[in-house]
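Convention: sequence-line order gives letters A, B, ...; per-chain numbering from 1. The basis for the numbers below is simple: all heavy atoms, side chains too, and nothing from hydrogens, waters or symmetry mates.
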There are 4 protein chains.
Amino acid sequence: MNSDFFKETFMKISEEKRQRIIDAAIAEFSEHGFDSANINTIAQRSGVSVGSLYKYFENKENLFLAIVHVGVEKLKAVLEDIMKSDESLESRIEKIIKAIQVHTRENVHLTKLYNEMTTEDRSNLVWKIVSDMENATAGLYTSIIKEARDKGYVREDLNANLFAFYLDNLFIMLQFSYACEYYKERMKIFVGEDTLNKDELIADQLMKFIKGAFFLK
Amino acid sequence: MNSDFFKETFMKISEEKRQRIIDAAIAEFSEHGFDSANINTIAQRSGVSVGSLYKYFENKENLFLAIVHVGVEKLKAVLEDIMKSDESLESRIEKIIKAIQVHTRENVHLTKLYNEMTTEDRSNLVWKIVSDMENATAGLYTSIIKEARDKGYVREDLNANLFAFYLDNLFIMLQFSYACEYYKERMKIFVGEDTLNKDELIADQLMKFIKGAFFLK
Amino acid sequence: MNSDFFKETFMKISEEKRQRIIDAAIAEFSEHGFDSANINTIAQRSGVSVGSLYKYFENKENLFLAIVHVGVEKLKAVLEDIMKSDESLESRIEKIIKAIQVHTRENVHLTKLYNEMTTEDRSNLVWKIVSDMENATAGLYTSIIKEARDKGYVREDLNANLFAFYLDNLFIMLQFSYACEYYKERMKIFVGEDTLNKDELIADQLMKFIKGAFFLK
Amino acid sequence: MNSDFFKETFMKISEEKRQRIIDAAIAEFSEHGFDSANINTIAQRSGVSVGSLYKYFENKENLFLAIVHVGVEKLKAVLEDIMKSDESLESRIEKIIKAIQVHTRENVHLTKLYNEMTTEDRSNLVWKIVSDMENATAGLYTSIIKEARDKGYVREDLNANLFAFYLDNLFIMLQFSYACEYYKERMKIFVGEDTLNKDELIADQLMKFIKGAFFLK
DNA sequence: AATGAATGAGCATTCATTCAT
DNA sequence: TATGAATGAATGCTCATTCAT
């Protein structure tokens, strides 16, 4: 963990307690946003006193940033894992789509938090944490696309940077559509009520969409 | 205007005063988010007393919802205007992209507000307002795509609903990338610092991306 | 009143309410010192809501400074009134002593506050307010002493500045001895339990002490 | 040491550690006042755990009182040393003035603490500790003055108790003027900026002032 | 005996909402 | 109808004190 946001003491407590705090904070922040999130509630939810919380984190903002950091690292790990294999662009994209479906469902709060972050006043600070990941994935996408283009696997006339951008846009919206109430409702309009059972359809069609965009026919 | 969110009195005041209130509220809510937005500040900014504000709107939430409603209607008008022409799918998509670029720049606050809305807590209420528009656009996209598919203009194997969904996803992210700090920063990673001067490139490549996804070659 | 410390709104309320707030604040601050003084208690004591208090004063510190200012102005008025007459040094000193006895008893809280002030961390800020008075009285004392010296009424070998300093020191201690618990107890050691009935003795002997110090015999 | 304020355990630790605690406490209390003084900071400053501190002292108040006691004893020693010689009143006063100048500069914290003590709230408790010294010095001053008066060395018409009182008042103010920020600033008004280099002048004039008050001419 | 992590009551300050004028 | 002063509940943060190790 990046210790810019928490004090030494936070690493001295039991792994289990640390996790309880992180979980409670992610839940609270993702449900209410930064301003309305209640530190006292986080303390209660995690079975820790407010005083202790302030022993671990300088203030509310740092707790928030630490939490964001955790979320980012988790997502980064998932994506890098996939991207660093040496499979084809096509199969990597397919894997990412599936991974997003699984990871997002398992980390709904984290994804909500990510959406929350994009609205904050604090986005400059937040940006410092997230940019690391965004840079990493952007770079990966772009280079893989370039490689595929140079090998003649995908159309020549595409701008690798922008295609990577649109690709990532589709992925981000996919995440939100699985986690955030608003986007979940919105997806129902297109997919129907039982979105849960349509994972495969959603993935297949997205794959088709993306392949069409990228590949020669 | 939909009177679910404001009291009769709001329609009795001058158009100009009403607009001042709406503008001030949009600015305040989009800058600080729902919770941190300050009703007293909105009153000041719009040159109206708090007392009056509460004569026009039941409470903070209703003011927010009324504002959201305004934003939605505005966006809806832009989109419907474009979609209701009888041009080809391709040229309509092109027009939407350009329209988003122009409209978003002119209505940064509104777009931020839209992002804000997608955030928890109030999303159920918000959904009631937005669903109307989302349904409309979703329906439009889908039917146009179906039509094009039936006419053999686009690939046969696409699911019109889902392709419409991904299309709209790309549009939403494009809006945010032009208006919200976080997404603006993120776009820079892919496009470089001077995103302002790359409107055409961004539009062209997005067009290429979408055309590839949809069209036969 | 010096408006550096309160907001306009404070002058818009009724004289009576303003006085209640000032009295409550003086009492609270003089009893507990700056840090332990409780704003919520001041609000209650003065029959005003906390919210209102914060409408009148930016924060706790400004309320404190405003209060100090009031006290200083009051004392200043008393002293200047006496010093500006054109009586002899001797009779002016006598009048000051009597005035201190009366004023201090009538403004016990204010005098306690003055003692409190001398200990505060905040003494730089406080100093700005008080220095005005201290400068005024110091100047007055010094010039009167100089005048008396030049006229040959008092000993020639005295340094007017320093004699003014010691004179004022005696006056300050006299005030505290009438108002602050600690100094009251201490005075009893010298004067006996019923200090209350010994005003005259105390004044006479102090007069004798000072006259001896100043005057030729 | 008077064990009313500390537990047995405090005497069982090394002299050096004890001194560290006392020094840290004097510094903290004199810098911030009783309420804002931070026990945890005192623990850190003295390199002792909070737990231990509470093993030595029942609570914050008792630590404060113990500290006050130390300060009082120190001052008492200085004064008694001087007063118990059998020199003349005049030379004893002179010695006290010089001693105050030296001692105060060496024990600024202690003097600030003394001023702090005179403040409300705790003054009853404090009084119990200080009264011992005040009684001693008051008695000493008074008896010496009486003696001098009976011997015809000083004016007959003075009330020994009250003259002792005023004398002590001058001494107290001298101390504060050398140690406490507020009083230091105030002294500058009378003496000018470089008070540091005017020790002799200050002492000489005070001597003159007091001698005038006491002695026949 | 010594430690220092944990506790939670307490307080300054904000702001949605009300209501007398 | 309009005003804006008044309200007071709510919350981030601190620190004296405890107690398991």
Problem - Listed partners of C/K17 passing side-chain hydrogen bond (donor to acceptor under 3.5 Å, both in side chains), at least two apart - result: none
Practice task
For C/K55, check side chain to side chain contact (heavy atoms under 4.5 Å, CB included) against everything at least two apart and list the hits.
Solution key: none
Practice task
Just jot down the side-chain hydrogen bond (donor to acceptor under 3.5 Å, both in side chains) partners of A/E8, sequence neighbours excluded, or say none.
Solution key: none
Exercise for the section: For A/T119, enumerate each residue passing the side chain to side chain contact (heavy atoms under 4.5 Å, CB included) test, keeping only those at least two apart in sequence or located in another chain. Expected result: A/E116, B/N115, B/E116, B/T119
Problem - Set of residues satisfying ring-ring contact (aromatic ring centres under 6.0 Å, His included) with respect to A/Y56, sequence neighbours excluded - result: A/F10
Handout entry: Pairwise side-chain contact, C/F29 with C/K60, heavy-atom cut-off 4.5 Å (strictly under)
Key = yes
Exercise for the section: For C/Y56 and F/dA5, give me the distance from atom OH to atom C1', rounded to whole Å. Expected result: 7 Å
Practice task
Kindly write out the residues that satisfy side-chain hydrogen bond (donor to acceptor under 3.5 Å, both in side chains) with A/D23, not counting sequence neighbours, or none if the list is empty.
Solution key: A/Q19
Handout entry: Rounded distance (Å) that lies between atom P of F/dA2 and atom CD of B/E8
Key = 13 Å
Practice task
With sequence neighbours excluded, tell me which residues meet side-chain hydrogen bond (donor to acceptor under 3.5 Å, both in side chains) with D/S49.
Solution key: D/S52
Between the protein and nucleotides 19-21 of chain F, which nitrogen or oxygen pairs are less than 3.5 angstrom apart?
none

Completion exercise
Between CG of C/L63 and C1' of E/dC11 the distance, given in whole Å, is 15 Å
Practice task
Verify the contact: side-chain N or O of B/S49 to OP1 or OP2 of F/dT3, cut-off strictly under 4.0 Å; return yes or no.
Solution key: yes
Practice task
For DNA chain F, determine which residues of residues 24-42 of chain B have any heavy atom closer than 4.0 angstrom to one of its atoms, and list them numerically.
Solution key: none
Fill in the blank from the handout: Residues passing the salt bridge (Lys or Arg N to Asp or Glu O under 4.0 Å) test with C/R45, sequence neighbours excluded, are C/E28, C/E31
Completion exercise
Base-paired stretches in DNA chain F with three or more consecutive Watson-Crick or G-U pairs, both distances under 3.5 Å, amount to E:2-21 with F:2-21
Fill in the blank from the handout: Contacts of A/T9 and C/E58 projected onto DNA chain E by closest heavy atom; the upstream (5') one is A/T9
Exercise for the section: Count the heavy atoms belonging to other residues, nucleotides or ligands that lie under 6.0 Å from CD of A/E61, then report whether that count exceeds 12. Expected result: yes
Practice task
Using whole Å, report how far CD of A/Q44 lies from C1' of E/dT7.
Solution key: 13 Å
Exercise for the section: Quickly work out the A/L53 CG to E/dG8 P distance and round it to whole Å. Expected result: 13 Å
Exercise for the section: Write out all pairs satisfying salt bridge (charged side-chain N to carboxylate O under 4.0 Å, His left out) with one or both partners inside residues 34-43 of chain C, taking only residues at least two apart or from two chains. Expected result: C/D35-C/R122
